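Encoded as structure tokens, the structure appears first; notes follow it.
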Protein chains: 2
Amino acid sequence: MSDQGRRPTRLGETGLEGFAPYLMNRIMGRYNAEVRAALGQNGLSTPKMRALAVLSVVPAPLIRELAVYAVTEQSTLSRALDQLEAEGLVRREADASDSRATRIHITAAGLAVFEGLWPHMIDAQDTMFRDISDDERQAFLGTLQKMLRNIRKHEF
Amino acid sequence: MSDQGRRPTRLGETGLEGFAPYLMNRIMGRYNAEVRAALGQNGLSTPKMRALAVLSVVPAPLIRELAVYAVTEQSTLSRALDQLEAEGLVRREADASDSRATRIHITAAGLAVFEGLWPHMIDAQDTMFRDISDDERQAFLGTLQKMLRNIRKHEF
DNA sequence: CAGAGTTATATGCATTTGCAAATATCTTTT
DNA sequence: AAAAGATATTTGCAAATGCATATAACTCTG
């Protein structure tokens, strides 16, 4: 049993630091800022970086899929892709069976840019987890995965 | 020991779902969207809501402090406060000992608005944690608190 | 198979954002 | 105690954002 019969907590009772979404926003705020600092040089923005990151792992998604994976509004992503394409980092390619749809392919150059970025993301992550044991970290990750399943509205 | 001697993971090895910052961004994306949906009515924006949330718990912070707590750029916050003040939800008050500084006070009306919002935040949180045990949830929160200490650049 | 509804992407436009600079006030140094 | 440097906040402005809509193509229903 979890919450049964408990009255809703007031924010004041636990304080900000007892409210998980607050902590997560706060932590991600710093993580994203950290990564963004590494982006500036390459002329990348957060949406562009996120698109590249997903594309380095997910092959040829539709734009709407990419938008979900990359946690980016579709219209924002559309424009980010314009730029990435102009820079030769991705390629738009018409879907074979649905001519409304476009699949996005990352280019070798795009992959190279992402690989230059990845170490910064790892660093930022390692900073977050500094002095947290592998076991605790693993458990944390497990909970995150359950949470994603809970909130997810798509099959991916 | 944690990572000693392990070579840096490539994103492809674990996939997106093995990378904690990705999961956290994805989850918070949904949580924030959920909350934002509840805001629309009241003419609130995310920064305005965050300011109110913090102010409901932290008494009379400086603007720069509020910006950190609320995970909002200072210039964005400055303008959010303009609006909140115009709507009578907060009050700017000159700091007693430093006349550059301004302290923000939430008004009764501001508090009332926040209390109307809070249930939605609780709901969104409960959705995230659906079917996660109290113990696991507690452990998760503990890890988040450690992480905040790791990445924090201020004393709060 | 025509028409109604749906889905994929792009775009127009008003608003919001964030950076950098401006302003005002401290604080430290010499 | 004046100058140089820091700090708190606001604001100008170009760029990014998100909503609603446009366009095009698909799917289903009768």
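As the structure is a computational prediction, the values presented were derived from the model and not from experiment. Letters go in sequence order (proteins before strands), and every chain restarts at 1.
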Of A/Q83 and A/R100, the one whose nearest nucleotide on DNA chain D sits closer to the 5' end is A/Q83
Within the structure shown, what part of the strands sits under 4.0 Å from B/S75 by heavy-atom distance: base, sugar-phosphate, or nothing?
base
So what does A/R36 hit on the nucleic acid, given a heavy-atom distance under 4.0 Å: a base, only sugar-phosphate, or nothing?
nothing
Could you check A/T76 against A/A101 and say which one's nearest nucleotide on DNA chain C is further toward the 5' end?
A/A101
Of all of residues 42-69 of chain A, which get a heavy atom below 4.0 angstrom from DNA chain D, listed by number?
A/P47
Between [atom2] on [N] and [atom1] on [X], what's the gap in Å once rounded to a whole number?
X	N	atom1	atom2	value
B/L77	C/dC19	CG	C1'	16 Å
B/E73	D/dA15	CD	P	18 Å
A/E93	C/dT9	CD	P	14 Å
B/D95	D/dT9	CG	P	8 Å

Check whether any side-chain heavy atom of [X] sits under 4.5 Å from a side-chain heavy atom of [Y], and report yes or no.
X	Y	value
B/Y69	B/L55	no
A/M24	A/L144	yes
B/L44	B/L117	yes
B/T143	B/M147	yes

For B/E73 and A/R36: C-alpha separation, side-chain torsions, deciding distance, then whether salt bridge (Lys or Arg N to Asp or Glu O under 4.0 Å) applies.
CA-CA 14 Å; B/E73 274 291 315; A/R36 202 163 36 236; 5.7 Å; no
If you only use heavy atoms from C-beta on, which nucleotide in C/dC19, D/dG18, C/dT9 is closest to the side chain of A/R79?
D/dG18
Side-chain donor or acceptor of B/S78 paired with backbone N/O of B/Q74 under 3.5 Å
no
Honestly curious: do B/V68 and A/I27 fall in one hydrophobic cluster under the side-chain, below-4.5 Å linking rule?
yes
D/dA8 phosphate, OP1 or OP2: any side-chain N/O from B/R103 under 4.0 angstrom?
no
Quiz item: A/S99 side-chain donor-acceptor pair to D/dC26 base, under 3.5 Å
no
